[in-house]
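I am attaching a structure below and will ask some questions about it afterwards.
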Amino acid sequence: MSTAQNLAGTRISSLLDENSFVEIGGQITARNTDFNLSAQKTPSDGVITGYGLIDGNLVYVYSQDVSVLNGTIGEMHAKKIANIYALAMKTGAPVIGLIDCAGIRLQEATDALNGFGQIYMSQTMASGVVPQITGIFGTCGGGMAMIPALTDFTFMEEKKAKLFVNSPNAIEGNRVDLCNTAGADFQSESGLVDFVGSEEEIFAQMRALVAMLPGNNEDDASYEECNDDLNRVCSDLENCVGDTSIALSRIADNQVFVETKKNYAKSMVTGFIRLNGMTVGCVANRSEVYGDDGEVAETLGSELSAAGAKKAAEFVSFCDAFSIPVLTLVNVKGFKATKCSEKTMAKSVGKLIYAFADATVPKVSVVIGQAYGSAYLAMNSKSIGADLVYAWPTAEIGMMDAKMAAKIMYPDADAAKINEKAAEYATFQSGVLSAARRGYVDTIIEPEDTRKYVIGAFEMLFTKREDRPGKKHGTV
């Protein structure tokens with residue numbers, strides 16, 4: 001066995017529980033004989049497929065072998081992957097693909113092209129039934145790039161991996177030395193890649209993610225025994241309003257937060273935590289990013305961006321498909337106002353509203369800062385289906401900033417009058433008590449008590465059942 005082939009198998013061994021992998025189809029080779037292909041050895045037709053365990057949970061895996069025709073996809077290669085998907089659908093277990101592939105196998109032409117289509121079809125049928133995860137360790141270009149796009153989560157090795165539809169040098173006006181559009185940094189900032197790191201880090205992150213997820217869409221939820229205090233006081237939570245990734249880790253069991261798409265649309269945080277051992281999907285506005293030194297590394301503002309809305313909508317849709325409850329931390333004062341963002345803002349926010357409104361899983365919202373206008377409504381408000389809405393005493397909920405509202409209502413007033421009316425507006429229209437009196441907020445809670453309240457809420461909502469109008473599917 002070659003070093004490269006060892007690498008394909010070693011990656012599987014590094015990912016799965018020790019000695020748990022069972023190979024399927026190890027004797028399969030290429031069937032095609034065109035262009036002297038029969039003279040070349042094609043062990044396993046360039047992909048190792050089988051099943052194994054991650055923390056005792058069944059998963060199916062395929063790992064491409066770059067030593068066999070550069071890992072290209074041919075007829076039998078594709079059939080092996082499709083077979084793994086068929087087994088995963090029957091048994092209800094996740095599929096993990098480890099990609100290292102030069103693309104389509106030219107010697108097999110339309111047979112190879114049809115193989116790509118078979119993989120796409122398998123992925124589509126599995127979507128929303130079993131979780132799908134892709135790890136990119138080498139080249140993933142052209143038609144291969146659609147494979148991670150059709151999965152739920154994508155991991156990318158930080159130095160050697162390449163992900164592209166068109167290579168950097170094929171893009172008009174670009175060269176790889178100007179902008180490496182195939183690199184991990186570019187792709188993680190573009191919204192397709194969730195996690196970036198070394199191979200070792202990726203395998204650890206994959207295992208952490210799989211541990212959070214249910215095996216399939218019929219599992220009620222993913223659980224592990226909770227050894228954290230359910231009533232733990234989070235005394236510093238009020239200081240985490242800006243960077244809600246920190247806030248989510250504070251309220252989580254054992255302060256573990258698995259963040260997705262960390263480098264994309266940073267003003268929106270998405271990821272998974274456990275509350276009393278139950279996996280919960282989290283969506284939160286973020287206005288600041290803190291560095292490892294505890295200082296503010298980046299200021300983002302409190303506006304909802306088009307990219308942030310898209311990121312959150314896709315995440316909520318995944319959670320709803322797999323019956324994962326959703327927690328939202330809200331701190332948003334409006335929409336991002338840039339020419340670029342405006343092009344897709346309405347459509348992206350519409351998708352976010354639709355995702356929250358259409359989701360039937362338990363949905364809990366905590367207003368931790370500002371919550372103004374339609375941007376607030378889109379963030380899992382009571383009016384679009386939140387089951388419970390909590391708010392901190394310092395929260396502000398209303399149409400817009402009180403001073404701006406006063407200026408609009410009294411355009412000819414002097415500064416003193418504006419300040420007076422702004423104070424009235426803040427008290428009667430934007431105050432959290434006003435929202436609670438109207439039923440838009442269920443309970444006003446102290447920040448340090450957030451963990452115990454949201455745990456209680458999801459415990460109460462565990463048996464939630466909610467019907468939707470009969471239809472094939474929505475069109476938003």
Side-chain angles (χ1 to χ4, degrees), residues 94 96-97 99 127-128 131-136 140 145-158 161 163-164 181-197 201-202 204-210 212-213 243-249 252 256-273 279-290 297-298 300-301 303-322 324 326-329 332 336 340-341 344 348-349 351-352 355-356 359 378-380:
I96 302 174
I99 305 295
S127 182
Q132 300 178 64
I133 296 169
T134 303
I136 303 170
C140 180
M146 313 316 167
I147 288 179
L150 287 168
T151 59
D152 300 307
F153 303 99
T154 300
F155 296 72
M156 193 169 176
E157 195 275 334
E158 60 191 352
L163 172 60
F164 58 89
T181 53
D185 289 341
F186 182 89
Q187 290 295 340
S188 66
E189 292 169 2
S190 301
L192 179 54
V193 173
D194 291 271
F195 305 89
V196 172
E201 290 170 337
I202 284 175
Q205 290 170 333
M206 279 186 176
R207 290 178 63 88
L209 177 62
V210 169
M212 284 280 188
L213 301 179
D243 194 339
T244 43
S245 65
I246 300 174
L248 290 168
S249 68
V256 174
F257 173 48
V258 178
E259 187 172 355
T260 61
K261 290 183 170 51
K262 184 176 182 179
N263 297 329
Y264 172 61
K266 294 181 182 179
S267 62
M268 185 70 74
V269 177
T270 57
F272 300 100
I273 64 174
T279 295
V280 173
C282 302
V283 176
N285 304 114
R286 173 165 51 192
S287 58
E288 297 174 325
V289 178
Y290 279 77
E298 191 173 355
L300 305 169
E303 293 83 18
L304 179 61
S305 70
K310 180 175 180 289
K311 174 181 175 179
E314 291 177 354
F315 182 80
V316 171
S317 179
F318 173 84
C319 290
D320 189 50
F322 289 95
I324 299 172
V326 177
L327 170 66
T328 314
L329 302 185
V332 63
K336 187 174 182 179
C340 181
S341 189
T344 56
S348 298
V349 176
K351 287 182 179 292
L352 178 59
F356 273 123
M379 286 295 299
N380 195 27

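The shown structure was predicted, so the numbers you read here are calculated from the model rather than taken from an experiment.
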- Task: Using modelled atom types only, decide if a donor and an acceptor are shared between the side chain of Q187 and the backbone of T181 within a distance under 3.5 Å.
- Result: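 A pair under 3.5 Å: yes.
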
- Message: If you define the side chain from C-beta out and look only at heavy atoms, does anything of V283 sit under 4.5 Å from L327?
- Response: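 In short, these two side chains do not touch, never coming nearer than 4.5 Å.
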
- Task: Take L300 and E298 through the side-chain contact (heavy atoms from CB on, under 4.5 Å) test and state the conclusion after the steps.
- Result: CA-CA 6 Å; L300 305 169; E298 191 173 355; 3.5 Å; yes

- Do you know the tightest heavy-atom contact between A306 and S348? O-CB, 3.3 Å

- Message: Using side-chain heavy atoms (C-beta onward) and a distance below 4.5 Å, is V210 in contact with I96?
- Response: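 Counting from C-beta outward, V210 and I96 do come under 4.5 Å.
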
- Query: Are any of the side-chain heavy atoms of L304 and K336 separated by less than 4.5 Å?
  - Reply: no

- Message: Strictly distance-based, threshold 3.5 Å: is any side-chain N or O of T279 a donor or acceptor partner for the main-chain N or O of L213?
- Response: no

Please set out all donor-acceptor pairs under 3.5 angstrom arising from side-chain atoms of residues 145-156, sequence neighbours excluded.
from	atom 1	to	atom 2	distance (Å)
T151	OG1	T134	OG1	3.1
T151	OG1	P148	O	2.7
D152	OD2	Q132	N	2.8

- Determine, for R207 against E201, whether the closest basic-nitrogen to carboxylate-oxygen distance falls under 4.0 angstrom. no

- Task: For T244, check side chain to side chain donor-acceptor pair (under 3.5 Å) against everything at least two apart and list the hits.
- Result: none

- Message: Rounded to the nearest 0.5 Å, what separates atom SG in C282 from atom CG in L248?
- Response: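 Rounded to the nearest 0.5 Å, the SG-CG separation comes out at 4.5 Å.
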
- Item | Any donor-acceptor N/O pair, N285 side chain to M268 backbone, under 3.5 Å |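 Looks like no, no N/O pair under 3.5 Å.
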
- Please tell me if the side chains of E157 and I136 come closer than 4.5 Å, counting only heavy atoms from C-beta onward.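 No, too far: nothing below the 4.5 Å cut-off.
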
- Item | Note, F272 side chain near F315 side chain (heavy atom, < 4.5 Å) |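 With C-beta onward as the side chain, the pair touches.
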
- Message: How long is the straight-line distance from CZ of F195 back to CD1 of I133, given to the nearest 0.5 Å?
- Response: 8.5 Å

- Query: Taking side chain as C-beta onward, heavy atoms only, is M212 less than 4.5 Å from V256?
  - Reply: yes

- Query: Is the backbone of K266 close enough, under 3.5 Å, to the side chain of R286 for a donor and an acceptor to pair up by distance?
  - Reply: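 Pair found, side chain donor or acceptor close to backbone of K266.
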
- Message: The test is side chain to side chain donor-acceptor pair (under 3.5 Å); show your working for S341 and S305 and say whether it passes.
- Response: CA-CA 7 Å; S341 189; S305 70; 5.8 Å; no

- Message: Show the nearest heavy-atom pair for residues A247 and L329, with the distance to one decimal.
- Response: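 What the structure gives for the nearest pair is CB-CD1, 4.1 Å.
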
- Item | Heavy-atom pair with the smallest gap, counting every atom of V332 and M379 |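 Looks like CG1-CG, 4.2 Å.
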
- Would you name the heavy atoms of V316 and A355 that are closest together and state the gap between them? CG1-O, 3.6 Å

- Results of side chain to side chain donor-acceptor pair (under 3.5 Å) for K311 - residues two or more places apart only: none

- Taking the side chain as every heavy atom from C-beta outward, state whether S188 and Y264 have any atom pair closer than 4.5 Å. no

- Would you say V269 and F257 make side-chain contact, with heavy atoms under 4.5 Å?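 The answer is yes; the side chains approach within 4.5 Å.
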
- Non-hydrogen atoms of A378 and L352 that approach each other most closely: O-CG, 3.6 Å

- Task: Rounded to the nearest 0.5 Å, what's the gap from CZ on F356 to OG on S317? Could you check?
- Result: 11.5 Å

